Undergrad: 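This is the structure I have questions about; it appears just below.
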Amino acid sequence: MLASSSSGNSTFIATETTRILIDVGLCRREIFQRLAAIGESPDDLDAVVISHEHSDHVSGLIAVLRKLDIPVYLTRLTAPTIGWGEYTPNLESFQAGERLSIGDMEIDTFTIPHDAIDPVAFCVRADGVKIGVVTDLGYMPDSIQVHLRGADFLLLESNHDLEMLKVGPYPWSVKQRVMGRKGHLSNDAVSDYIGDAMDSSVSTLVLGHLSEHNNYPATVELVASQALAQRSLSTRLVIAETRRQSEVFSF
């Protein structure tokens with residue numbers, strides 16, 4: 001994870017032959033610096049894949065594409081929402097539910113409940129490993145739980161503590177949006193998923209997209225750890241930091 005918070009999101013995934021970014025929610029300079037910090041060159045990127053059009057997922061997109069001239073994959077409904085201006089992207093549009101093939105990666109796309117035009121999440125398969133990248137959703141419908149079965153690695157949002165959100169600084173209209181079925185997952189909702197439905201195949205669970213105003217990493221870790229313990233799961237739990245890239249996870 002180059003970034004995973006309410007301020008910006010970008011995930012780097014690589015095999016021996018293929019390198020992609022999922023979302024580009026930081027400026028180009030920051031993206032490139034964080035890639036360099038893990039020993040990767042932006043020039044080696046093969047494609048960018050976008051989940052939805054909100055600024056914390058696309059703010060650096062055009063600048064990165066201008067510099068690298070690589071394909072960007074967006075849904076047919078999301079693509080027109082990006083303010084391309086005079087720039088003409090190398091656009092690969094798809095329908096939510098399609099499987100994408102980028103190099104040796106197969107990427108399943110699926111709809112998520114969020115207040116964007118056509119939001120999607122992803123399961124990336126390569127070299128016998130399945131990686132789920134699922135953020136920005138108001139609840140966990142059965143369809144998403146099915147998509148995540150058999151995942152080895154899962155990045156899932158744990159956006160807010162419900163009580164902190166209720167008494168926090170946001171206007172009530174924003175609080176209602178975040179808590180709604182097209183908003184963001186609470187710590188408790190994530191705990192329920194871990195306790196009831198998360199596949200035991202998940203060896204590493206990263207919880208990210210934490211709100212900087214309505215959550216604490218220690219709270220996320222405590223609630224999720226308790227849910228894992230109740231099922232006696234040996235899944236490694238990692239809480240994504242909001243201001244720096246994560247460690248590199250290898251399979």
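Fair warning: this is a prediction, and the values are worked out from it, not measured in the lab. Each residue takes its place number in the sequence, starting with 1.
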Undergrad: Hey, is the main chain of A79 close enough, under 3.5 Å, to the side chain of W84 for a donor-acceptor pair?
TA: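 Looks like yes, one N/O pair under 3.5 Å.
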Undergrad: Would E98 and R76 count as a salt bridge (Lys or Arg N to Asp or Glu O under 4.0 Å) if you check the C-alpha gap in whole Å, the side-chain angles of each, and the deciding distance to 0.1 Å?
TA: CA-CA 11 Å; E98 286 186 26; R76 294 183 178 92; 3.3 Å; yes
Undergrad: So, S7 and E212: side-chain donor and acceptor under 3.5 Å apart, yes or no?
TA: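 Note: S7 and E212 side chains meet the donor-acceptor criterion.
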Undergrad: Does the D127 side chain pair with the main chain of V129, one donor and one acceptor, at a distance under 3.5 Å?
TA: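 Side chain of D127 to backbone of V129: no pair is present.
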Undergrad: Are F110 and V120 close enough, and set up right, to give a side-chain contact (heavy atoms from CB on, under 4.5 Å), and what steps lead you there?
TA: CA-CA 5 Å; F110 47 95; V120 292; over 6 Å; no
Undergrad: Does any N or O in the side chain of K182 come within less than 3.5 Å of the main-chain N or O of P113, such that one atom is a donor and the other an acceptor?
TA: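 Not confirmed, K182 side chain does not pair with P113 backbone.
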Undergrad: I want to check something: taking the side chain as every heavy atom from C-beta on, are N187 and T219 in contact at a cut-off of under 4.5 Å?
TA: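 Yes. Closest side-chain heavy atoms under 4.5 Å.
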Undergrad: What orientation do Y170 and H213 show, parallel under 30°, tilted 30 to 60°, or perpendicular over 60°?
TA: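 Rings of Y170 and H213: perpendicular, as their planes differ by over 60°.
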Undergrad: Please enumerate all residues that pass ring pair (Phe, Tyr, Trp, His ring centres under 6.0 Å) together with F153, with sequence neighbours excluded.
TA: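 By the ring pair (Phe, Tyr, Trp, His ring centres under 6.0 Å) rule, F153 matches F249, F251.
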Undergrad: When the ring centroid of H209 is compared with that of H160, is the distance short of 6.0 Å?
TA: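 No, ring centres 6.0 Å or more apart.
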Undergrad: If every non-hydrogen atom of E157 is compared with every non-hydrogen atom of G183, which pair is closest and at what distance?
TA: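 Here E157 and G183 meet closest at OE2-O, 4.4 Å.
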Undergrad: Exactly one of S10, S51, S59 should register a side-chain hydrogen bond (donor to acceptor under 3.5 Å, both in side chains) with D23. Which one does?
TA: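 Of the listed residues S10, S51, S59, the side-chain hydrogen bond (donor to acceptor under 3.5 Å, both in side chains) partner of D23 is S51.
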Undergrad: Does this structure show an ion pair linking E241 with R34, if we count only N-O contacts that are shorter than 4.0 Å?
TA: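 Result for this pair is no, no salt bridge flagged.
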Undergrad: Nearest 0.5 Å, what's the OH-CG distance between Y193 and L148?
TA: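 Reported to 0.5 Å precision, the distance equals 4.5 Å.
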Undergrad: Using a strict 4.0 Å threshold on nitrogen-to-oxygen distance, state whether E86 and R66 make a salt bridge.
TA: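 Judged by the 4.0 Å cut-off on N to carboxylate O distance, E86 and R66 do not form a salt bridge.
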Undergrad: If we ignore hydrogens and angles and just use 3.5 Å, is the side chain of T242 paired with the main-chain N or O of S5 as donor and acceptor?
TA: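 Absent.
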Undergrad: Using the test side-chain hydrogen bond (donor to acceptor under 3.5 Å, both in side chains), find all partners of T15 that sit at least two apart in sequence or belong to another chain.
TA: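 Once residues adjacent in sequence are excluded, the partners of T15 under the side-chain hydrogen bond (donor to acceptor under 3.5 Å, both in side chains) criterion are D104.
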Undergrad: Stepwise, does the side-chain contact (heavy atoms from CB on, under 4.5 Å) test hold for Q230 with I194?
TA: CA-CA 9 Å; Q230 287 173 359; I194 294 171; over 6 Å; no
Undergrad: So, E53 side chain and V58 main chain: donor-acceptor pair closer than 3.5 Å or not?
TA: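 Flag not set: sc E53 to bb V58 has no pair under 3.5 Å.
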Undergrad: Is the shortest distance from a Lys or Arg side-chain nitrogen in D108 or R99 to a carboxylate oxygen in the other one below 4.0 Å?
TA: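 Yes, charged N to carboxylate O under 4.0 Å.
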Undergrad: Distance alone, cut at 3.5 Å: any donor-acceptor contact between the side chains of D152 and S203?
TA: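 No, because no side-chain N or O of D152 sits under 3.5 Å from a partner of the opposite role on S203.
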Undergrad: Please report the C-alpha distance between L91 and V72 in whole Å, then the side-chain angles of each, then the deciding distance to 0.1 Å, and finally whether the side-chain contact (heavy atoms from CB on, under 4.5 Å) criterion is met.
TA: CA-CA 5 Å; L91 183 63; V72 56; 4.0 Å; yes
Undergrad: Give me the ring orientation class for H114 and H54: parallel if the planes are under 30° apart, tilted from 30 to 60°, perpendicular past 60°.
TA: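 Because their plane-to-plane angle is over 60°, the rings of H114 and H54 count as perpendicular.
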